[in-house]
Amino acid sequence: MDTIYALATARGRAGVAVIRISGPAARMVAERLTGSLPEHGRGLRVVRNMAGEVLDEALVLTFAKGRSFTGAGVVELHLHGSRAVIDVVLRELSEQPELRLAQAGEFTRQALENGRLDLSQVEGLADLVDAETEAQRRQAMRVMSGGLGRKADQWKRDLLRAMALLEAVIDFAEEDVPVDVTPEVTATLERCRQAIQVEMDGVVAAERIRDGFEVAIIGAPNMGKSTLLNHLAGREAAIISDVPGTTRDVIEVRMDLRGLPVTLLDTAGLRESTDAVEAIGIARARQRAQEADVRVHLVTPEEVGTVTEGPKDIVRIGRCDRYSPGLSGVSGLTGAGVDELLSAISDRLSSRALGAGVAIRERHREALSVGVEHLERCLSIVSEPHGALDLAAEELRLGVRTLDTLVGRVDVEDILGEIFSSFCIGK
């Protein structure tokens, strides 16, 4: 393993800057600059170059092998965060023959290679670094803390148990097996299949939490869509005009809506148009509205009831400030009804977010889907009166290995260990 180094905090002026060194030569190299260091601990040290010139005074943290984030020996230099200090220390480290500059994500890769994180935790860590909202943070923490790995481990244990039962029947086909293993195998496979299916179903919601929900504001021209968007965004994101057809393209504004990442879409006014450019905008508006997670329909009082409200639809009277006070609606000009509208949008999106699990990426969904297919084929074979159990065991083995790509690998010794602990083979 190489010994790598890099600035671990953002560049620029700051109170503290952290430079991380990770690998077998980390402590040795750091001691050249700071003097003796504990194997695992912290201390205040003067940082010098090879000529003995003082570069800075730093808090130095040392982590013994196996007790650091990367799993390797790690030294962190907590320096004063000026550009000059950062540059001179990085330059000094670049001249150390045992070190090389880390590549993007390489500290985390060391953690993966050293068994400190599994692959799903690495993905969760990436999402945590990119998190902008509370929902994104919570989801990333669930994954980074090993939520998917723990579920995968439980599925693996259950499926290895079922595989061991099938292998035992196959190995002793010519002898009397004391019990019929089919009910236990079937129950185990069905339980795992259902649990995996639940995680698969939650991937879409999890992806929305990570990438953001889309809320489209739609309606006829001059219904206050752009004014409402600007009010929600807190800035002039869209041009406002009384001229119909001013909005020609979809305007997007990203915001944090009560902890959920949301992209608001201001769309072209929906009407029949002979203007070629406006017609393109209207077509795009219809398409984005169809794909959106929530559609806010702004209508006139006469149009209330003409729009069918589905699970994705919220209907409000637009520019309600123009009508009598008794009519409820929403106005981006006065702010009337905005809080109630945001609550309605938040409720719709929160209900969708509840379906998210710890499988949060398309890669996860694909692996889970293939795994379920193998389990279903295994169940089909086992349910047959004289099913070929060797084929069922192979389907199960493939299912385990496919699912295991989420976080790790399957060892043949695991199967043997389960067999030996469950049956008195050799007695």
Using atom types as modelled, flag every donor-acceptor pair under 3.5 Å from a side chain in residues 83-93 to any protein atom, sequence neighbours excluded.
unit_1	atom_1	unit_2	atom_2	d
Asp87	OD1	Arg11	NH1	3.2
Glu92	OE2	Met50	N	3.1

Stepwise side-chain contact (heavy atoms from CB on, under 4.5 Å) check, Tyr5 with Ser94:
CA-CA 9 Å; Tyr5 74 95; Ser94 71; 3.2 Å; yes

Show me the side-chain donor-acceptor pairs of residues 37-45 shorter than 3.5 Å, one per line, residues at least two apart or across chains.
unit_1	atom_1	unit_2	atom_2	d
His40	ND1	Ala64	N	3.0
His40	NE2	Arg67	NH2	3.3
Arg45	NE	Ser36	O	3.1
Arg45	NH2	Ser36	O	3.3

Rounded to the nearest 0.5 Å, the CD atom of Gln121 sits from the CG atom of Leu128 at a distance of 12.0 Å

Presence of salt bridge, Asp158 and Arg191, under 4.0 angstrom
yes

For Ala6 and Ala102, the nearest pair of non-hydrogen atoms, with its separation, is CB-CB, 4.0 Å

For atom CD of Glu95, decide whether the heavy atoms of other residues, nucleotides or ligands shown that lie under 6.0 angstrom number more than 12. yes

Intermediate values then yes/no, side-chain contact (heavy atoms from CB on, under 4.5 Å), Thr70 and Thr108
CA-CA 6 Å; Thr70 68; Thr108 303; over 6 Å; no

Legend entry - Test item: Glu134 and Arg258 side chains (from C-beta on) under 4.5 Å apart, heavy atoms: no

Just wondering, do Met163 and Leu159 contact through their side chains at under 4.5 Å, heavy atoms? no

dist Arg208:CZ -> Gln139:CD (nearest 0.5 Å) comes out at 13.0 Å

If you define the side chain from C-beta out and look only at heavy atoms, does anything of Leu117 sit under 4.5 Å from Phe69?
yes

Walk me through whether Arg397 and Arg401 qualify under side-chain contact (heavy atoms from CB on, under 4.5 Å). CA-CA 6 Å; Arg397 187 177 295 106; Arg401 293 189 183 280; 4.0 Å; yes

| field | Carboxylate-amine/guanidinium contact Arg361 Asp211, below 4.0 Å | value | no

Rounded to the nearest 0.5 Å, the CG atom of Leu260 sits from the CZ atom of Arg348 at a distance of 14.5 Å

- Query: Do Glu340 and Arg316 meet the salt-bridge criterion of a basic N to acidic O distance under 4.0 Å?
  - Reply: yes

Non-hydrogen side-chain atoms of Leu33 and Arg48 separated by less than 4.5 Å: no

Residue pairs meeting salt bridge (Lys or Arg N to Asp or Glu O under 4.0 Å), one or both in residues 101-111, sequence neighbours left out, come to Arg100-Glu106, Arg109-Glu113

Closest non-hydrogen atoms of Ala205 and Ala356, given as atom of the first, atom of the second and distance, are CB-N, 3.9 Å

In short, Ser145 meets Arg150 closest at the heavy-atom pair O-NH1, 2.8 Å

Query - Flag for Gln136-Glu132: side-chain donor and acceptor within less than 3.5 Å - result: no

Inset, instruction - Give a yes or no on whether the backbone of Gly332 and the side-chain of His231 come within a donor-acceptor separation of less than 3.5 Å. - result: yes

Closest heavy-atom pair, Gly73 versus Ala26, reported as atoms and distance to 0.1 Å, is O-CB, 3.6 Å

Please check if the side chain of Asn114 supplies one atom and the backbone of Arg116 the other of a donor-acceptor pair under 3.5 Å.
no

Might you confirm whether atom NZ of Lys65 has over 12 heavy atoms from other residues, nucleotides or ligands at distances under 6.0 Å? no

Side-chain donor-acceptor contact under 3.5 Å, Ser343 with Ser346
no

* Do any N or O atoms from the side chain of Asp2 and from the backbone of Ile4 form a donor-acceptor pair under 3.5 angstrom? -> no

Output for pair (Trp155 CH2, Leu368 CG), nearest 0.5 Å, gives 5.5 Å

Closest heavy-atom pair, Val358 versus Val143, reported as atoms and distance to 0.1 Å, is O-CG2, 3.7 Å

Regarding Glu199 and His364, is there a side-chain donor-to-acceptor distance under 3.5 Å anywhere? no

Can you tell if the side chain of His78 reaches within under 4.5 Å of the side chain of Glu76, non-hydrogen atoms only? yes

*Side-chain contact, heavy-atom cut-off 4.5 Å: Leu375 with Leu396?*
yes

Using modelled atom types and a 3.5 Å cut-off, is there a donor and acceptor pairing between side-chain atoms of Thr186 and backbone atoms of Pro183?
no

Side chains of Leu59 and Leu61 in contact at under 4.5 Å (non-hydrogen atoms)
yes

Show the numbers, then the answer: is there a side-chain contact (heavy atoms from CB on, under 4.5 Å) between Leu379 and Val185? CA-CA 9 Å; Leu379 277 167; Val185 170; over 6 Å; no

CD1 (Ile21) and CD (Gln96) are apart, to the nearest 0.5 Å, by 8.5 Å

Check your understanding: Quick one: does Asp313's side chain have a donor or acceptor within less than 3.5 Å of a partner on Gly310's backbone?
Key -> yes

Mark yes or no for whether Thr402, through its side chain, and Gly371, through its backbone, hold a donor-acceptor pair below 3.5 Å. no

With Val262 as partner, the option from Thr133, Val215, Val253 fulfilling side-chain contact (heavy atoms from CB on, under 4.5 Å) is Val215

Per side-chain contact (heavy atoms from CB on, under 4.5 Å), Val330 is matched among Val296, Ile317, Leu298, Ile217 by Leu298

query: Just by modelled atom types, is the Glu184 backbone N or O under 3.5 Å from a matching donor or acceptor in the Thr188 side chain?
result: yes

Pair Arg363 + Glu366, salt bridge at N-O below 4.0 Å: no

Report task. Using modelled atom types only, decide if a donor and an acceptor are shared between the side chain of Glu214 and the backbone of Leu265 within a distance under 3.5 Å. Result -> no

Rounding to 0.5 Å, atoms CD (Gln110) and OG (Ser68) come to a distance of 8.0 Å

Under a 4.5 Å cut-off applied to non-hydrogen side-chain atoms, are Lys151 and Gln154 in contact? no

Closest non-hydrogen contact found for Val338 with Ser331 is CG2-O, 3.8 Å

